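Below: the structure, in structure tokens.
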Amino acid sequence: MEMKTKVSFGDGAGLYLYDNKQTTDVPSTPCTESFIDARVYIQDKPRQEWDNLSTIYFVTPTYPRREQVPELTRLAYTLLHVPRIHWIVANDYNACNPYLDTLLNRFGIPFTHLTSPMPERFRNVKSKPRGVSNRRAAMQWLRQRNITTGVLYFGDDDNTYDLKLFSEIRDTKYVSMFPVGLIASYGISGPVVRKGKVVGFLDSWVAGRRWPVDMAGFAVNLAYMSEYPNASMPFKPGYEEDYFLRSIALTLDKIEPKGNNCTEILVWHTQTKNHAREPVKIDHEYLDNRSNLGALFKALAEMGVSDASDDEGQKAIISSNGKSKPLGYYLS
Ligand code: UGA
Ligand code: MN
């Protein structure tokens, strides 16, 4: 028999909890388990063995928002497993963010941090060309450096990448393509492959696009791309991929289907819910070195997560033993 106990807290909130003596008796069956470490992607290879791999230029548009640092952190931990990669992080911001520099340096992945602000004229339009100035800046950087070997991939900061994607795209000769999961109503967007050749595209939004693919659904060989000095991406929401692929004169026969003839999903169009940044009301006199709070709020401000304010926002509540007390209680 289940016993319910009413527990009362000091603030008057009531909560029913199951009798804690019974919690070890929950029905449970073990599913699969393994005590063998079968990880393929532990980096146990000496660096020299990577040297003959072509470099993947992984271009990540990013922009200041609360979720920016967590997204880039998550992505960095994926890229840490990928040999011979150069991470181009193009920030939609008009200045070099020193916090991002420190963060990117810490991972040890070869990287370039670029500023690439969206032109003002697009800032307040409803449908923004997201990530376009960023990707254009990255292409410009590649051109300026005269980098004409390797593979270019546009990897947004909020997607989820299977490590197999990297070994699949690394030998791209012209343009490789593969399905992207979690796109629109089908939950998928990608090439239709017959007898090893791409013959069409499965994507719920055609809209006249010759190449109705997601940004994460293709990779380009840089030697091939450099034959098209006018390669570019338009500031035209929805048509970035299509026009870019047109600008490098793509034809069906040049497309190399990846991921076991486009049957595997190696990249997911995951989207993080964006929350607006709000101030936290906390007296500045408490943000000194008496506690961690000063350093913590300094870091939060630098990361673009939240700001401490003397008179705005939701009041900072500090509690112990289930009771909230004024800050002076802890810090005076
Ligand atoms: C989808 C596609 O996956 C993107 O490749 C495409 O750029 C975008 O639509 C579009 O055409 O607008 P979606 O998830 O809807 O992506 O868009 P976001 O993830 O919000 O933005 C795409 C990329 O641009 C992200 O890496 C994001 O960090 C960056 N971005 C977004 C900016 O740099 N500035 C912004 O104002 C918004
Ligand atoms: Mn996205």
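Ligands are counted one by one from 1 in listed order, and the atoms in each one are counted from 1 as well. Here the structure is a predicted model, which means the values were calculated and not measured.
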Exercise for the section: Look only at interatomic distance and state if E241 has a nitrogen or oxygen under 3.5 Å from any nitrogen or oxygen of ligand 1. Expected result: no
Problem - Aromatic contact, Y93 with Y63 (centres under 6.0 Å) - result: no
Practice task
Considering the heavy atoms of G131, write down every atom of ligand 1 situated less than 4.0 Å from one of them.
Solution key: 24 (O), 30 (N), 32 (C), 33 (O)
Practice task
Output the list of atoms in ligand 1 that are nearer than 4.0 Å to some heavy atom of M215, sorted by atom number.
Solution key: 5 (O)
Exercise for the section: Report the part of Q271 (side chain from C-beta onward, or backbone N, CA, C, O) that has a heavy atom under 4.0 Å from ligand 1; answer both or neither where that applies. Expected result: side chain
Problem - Minimum-distance protein heavy atom relative to atom 4 (C) of ligand 1 - result: D156 OD2, 3.2 Å
Practice task
Could you tell me the residue and atom name of the protein heavy atom closest to atom 33 (O) of ligand 1, and the distance to it rounded to 0.1 Å?
Solution key: N134 ND2, 3.0 Å
Exercise for the section: Please write down residue, atom name and distance for the protein heavy atom closest to atom 26 (O) of ligand 1. Expected result: P61 O, 2.7 Å
Exercise for the section: Count the heavy atoms of every other residue, nucleotide or ligand shown that sit under 6.0 Å from CD of Q314, and state whether that count exceeds 12. Expected result: no
Exercise for the section: For the Mn ion (ligand 2), check which protein N, O or S atoms are under 2.8 Å away and list them. Expected result: D158 OD1, D158 OD2
Exercise for the section: Considering only NZ, NE, NH1 and NH2 on the basic side and carboxylate oxygens on the acidic side, decide whether D157 and R65 come within less than 4.0 Å. Expected result: yes
Problem - atom 2 (C) of ligand 1: the protein heavy-atom neighbour that sits closest, reported with distance to 0.1 Å - result: D214 OD1, 3.5 Å
Fill in the blank from the handout: min-distance protein heavy atom vs atom 34 (N) of ligand 1 -> D92 OD2, 2.8 Å
Practice task
From the options R130, H269, R65, select the one whose nearest heavy atom is closest to atom 1 (C) of ligand 1.
Solution key: H269
Problem - Those residues that, when tested against Y99, pass ring-ring contact (aromatic ring centres under 6.0 Å, His included) (two or more places apart) - result: none
Completion exercise
re atom 30 (N) of ligand 1, the protein heavy-atom contact at minimum distance is Y63 CD2, 3.3 Å
Problem - Residues K236 and E240 bridged, charged N to O under 4.0 Å - result: no
Practice task
Starting from atom 25 (C) of ligand 1, find the nearest protein heavy-atom neighbour and note its residue, name and distance.
Solution key: D157 OD1, 3.6 Å
Problem - Distance from atom 6 (C) of ligand 1 to nearest protein heavy atom, with residue and atom - result: R135 NH2, 3.9 Å
Fill in the blank from the handout: Hits for ring-ring contact (aromatic ring centres under 6.0 Å, His included) against Y161, two or more places apart or cross-chain, chain-then-number order -> F58
Practice task
Given side-chain contact (heavy atoms from CB on, under 4.5 Å), test D307 with V280 step by step and report yes or no.
Solution key: CA-CA 6 Å; D307 294 295; V280 178; over 6 Å; no
Exercise for the section: Indicate yes or no: at least one non-hydrogen side-chain atom of L114 is less than 4.5 angstrom from one of V89. Expected result: no
Handout entry: Sequence-distant partners of Y224, ring-ring contact (aromatic ring centres under 6.0 Å, His included), two or more places apart
Key = Y174, Y228
Exercise for the section: Would you please classify the geometry between the W211 ring and the F201 ring as parallel, tilted or perpendicular, with 30° and 60° separating the classes? Expected result: perpendicular
Problem - Pair D162 + K164, salt bridge at N-O below 4.0 Å - result: no
Handout entry: H269-N159 side chain donor-acceptor pair, cut-off 3.5 Å
Key = no
Practice task
Would you confirm whether the ring centroid of W205 sits within less than 6.0 angstrom of the ring centroid of Y239?
Solution key: yes
Handout entry: Sub-4.0 Å atoms of ligand 1 with respect to non-hydrogen atoms of D158
Key = 14 (O), 19 (O)
